[in-house]
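In what follows, chains carry the letters A, B, and so on, assigned in the order in which the sequence lines appear, proteins first and then strands, with residues in each chain numbered from 1.
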2 protein chains.
Amino acid sequence: MTVRQDIHSSGIPVLCQSCEARHRGVCGALDPHQLVELAKTSSRHSVEPGSELIGDAETVDSYSNVLSGVVKLTKSLSDGRQQIVGLQFAPDFLGRPFKVESEINAEAATAASLCSFPKTAIERMMKESPELEHRMLKQTLNELDEARDWMVTLGRKSASEKVASFLLMIARNIDPTVGPTARSATFDLPLTRADIADFLGLTIETVSRQLTRLRTDGVIRIENNRRVMVDSLSRLEQRSGA
Amino acid sequence: MTVRQDIHSSGIPVLCQSCEARHRGVCGALDPHQLVELAKTSSRHSVEPGSELIGDAETVDSYSNVLSGVVKLTKSLSDGRQQIVGLQFAPDFLGRPFKVESEINAEAATAASLCSFPKTAIERMMKESPELEHRMLKQTLNELDEARDWMVTLGRKSASEKVASFLLMIARNIDPTVGPTARSATFDLPLTRADIADFLGLTIETVSRQLTRLRTDGVIRIENNRRVMVDSLSRLEQRSGA
DNA sequence: CGGTGCCTTGAGGAGTGTCAAGATGGGTGG
DNA sequence: CCACCCATCTTGACACTCCTCAAGGCACCG
């Protein structure tokens, strides 16, 4: 036991030993030596809801792993209309390789903790480690699949289907007890009504009305405007347009 | 001259010698030996508009490069509502690595020519050639950027802004003379009104009305329902919401 | 010359946005 | 502990955009 543990954790930076990104995230592609190198220039930090992570200047020359919380990726039109184009959960990788400037903004939707490292460090390692680039490719492909799923929602679903679809997606990402066979779910919404509206291409009022309707129809229960209980996920799914 | 040509083309399969994908596409990542290997199992073929390329069975175990024409990627809801989630132009790569079944359909929007090869061949080469995976990552990141741009269009733009945005995007992809500084453009629409509607999350009628409005306002001219002339791209851009 | 797709145009209505008011809840300071 | 404030959320009335349904035009083809 002690020997096995020594084998597995020998040389792994303290910072990384209990880090989820080392397993399911991109850091899983790195060997102990590379982890040590990366950890030298890495730092964990916590951010408050609303903190700007990428966008108007600031942290443009670093990448991060999301360790907890939810980060929203947004794009805006010149007149202020906004659209959320992605949500990142742990242990997603945050940043856009091979591009100096991003037209995307990233903002903490909830309290969140991140592990950040300089762009140059990761980009150097990507050149050396095909496995790292392989993981990046896989995550990017997954994000592309998600983006295309949401394009269907944005383009072709009604307001009530959009809200139901959103709740389903959050349930699957937030409630750790929700597997493929789960029948019910409980979770705190990581987004305000305004964020949900920006995610679904609706207004705050429409989101609120649809949530009220789902509540009065007995599909969901809501506590404190944030906590949502879904007794029958399949009933919710029926309303999501599938 | 002859010597130089010999150097550059020595050992390159005939199939590939004049192929655009060898320059701007993923095949640019392969060395002559690998090209020869891949070409052994590759085949070019032309398809007619409407041909199903990925989807209900058929060619699920092969990848392709788009050599000419336009391919539309679609997703559908169970009740038949459809959304186009991407358009592929030459020399884009077509296919979803690391996944057995795709929930995406691909269909030729115009007459198109493709170069296809077995999944296994590419996947083997990706393991051997980091450069190939690097190119795949870059294309995937670009597609993700495009998808997110369209999410803004789908979620936050009005019908007239959507149609203007669509025309701009097509102009930039189709008319070879359109650079960043071009003031005007002429092109054939690669999509029917129904396709445009599926792309923009609108109905055929709304698309038609908005095109008519752009025409009566003098922003575009249309011949034969397909050929579009834009005298002032900046006027069109003003109407795209930017 | 009549079909058959594809596109356009019109009239009317449903669904969502807009504007405005009021409710709720969490935090702060007295 | 209560009073107050502020942000967030809900609800209502109305307007407008876009969808639905229906008819008609146009080009291509047998």
Legend entry - Protein-nucleotide distance (B:Arg226, atom CZ; D:dC28, atom P), rounded to Å: 12 Å
Legend entry - Residues forming a salt bridge (charged side-chain N to carboxylate O under 4.0 Å, His left out) with A:Lys138, sequence neighbours excluded: none
Legend entry - Partners passing salt bridge (charged side-chain N to carboxylate O under 4.0 Å, His left out) against A:Arg172 (at least two apart in sequence or in another chain): A:Glu237
Inset, instruction - Provide, to the nearest angstrom, the distance between the CZ atom belonging to B:Arg215 and the P atom belonging to C:dC7. - result: 13 Å
Legend entry - Distance, rounded to the nearest Å, where B:Arg227 contributes CZ and C:dC7 contributes P: 17 Å
Legend entry - Heavy-atom protein contacts under 4.0 Å, nucleotides 15-25 of chain C, coded B base, S sugar-phosphate only, - none: -SSBB------
Inset, instruction - Could you pull out all residues at least two apart from B:Asp175 that satisfy salt bridge (charged side-chain N to carboxylate O under 4.0 Å, His left out)? - result: none
Inset, instruction - Looking at every strand, decide which applies to B:Thr212 at a 4.0 Å heavy-atom threshold: base, sugar-phosphate, or nothing. - result: sugar-phosphate
Legend entry - Integer-rounded Å distance: C:dC6 P and B:Asp198 CG: 13 Å
Legend entry - Stem regions touching DNA chain C, defined by at least 3 consecutive Watson-Crick or wobble G-U pairs below 3.5 angstrom: C:1-30 with D:1-30
Legend entry - Value in whole Å for how far the C1' atom of C:dG5 lies from CG of B:Leu191: 17 Å
Inset, instruction - Could you tell me whether a side-chain N or O of A:Glu52 sits under 3.5 Å from a main-chain N or O of A:Ala106, the two making a donor and an acceptor? - result: no
Inset, instruction - Please state whether the rings of A:Phe93 and A:Phe117 are parallel, tilted or perpendicular, taking 30° and 60° as the class boundaries. - result: parallel
Inset, instruction - Could you walk me through whether A:Val70 and A:Ile174 pass side-chain contact (heavy atoms from CB on, under 4.5 Å), step by step? - result: CA-CA 9 Å; A:Val70 178; A:Ile174 298 272; 4.2 Å; yes
Inset, instruction - Can you run down the side chain to side chain donor-acceptor pair (under 3.5 Å) pairs that involve residues 223-234 of chain A, sequence neighbours left out, and say none if there aren't any? - result: A:Asp188-A:Arg227, A:Arg221-A:Asp231, A:Ser232-A:Ser234
Legend entry - A:Thr153, A:Leu191, A:Leu211 screened by side chain to side chain contact (heavy atoms under 4.5 Å, CB included) with A:Phe166, the one that passes: A:Leu191
Inset, instruction - Please state how far atom CD1 in B:Ile222 lies from atom C1' in C:dC6, giving the value in whole angstrom units. - result: 14 Å
Inset, instruction - Measure from CD1 on A:Ile204 to C1' on D:dA7 and round the result to the nearest Å. - result: 11 Å
Inset, instruction - Please state how far atom CD in B:Glu161 lies from atom C1' in D:dC18, giving the value in whole angstrom units. - result: 14 Å
Legend entry - A:Arg81 atom CZ, neighbour heavy-atom count above 12 within 6.0 Å: yes
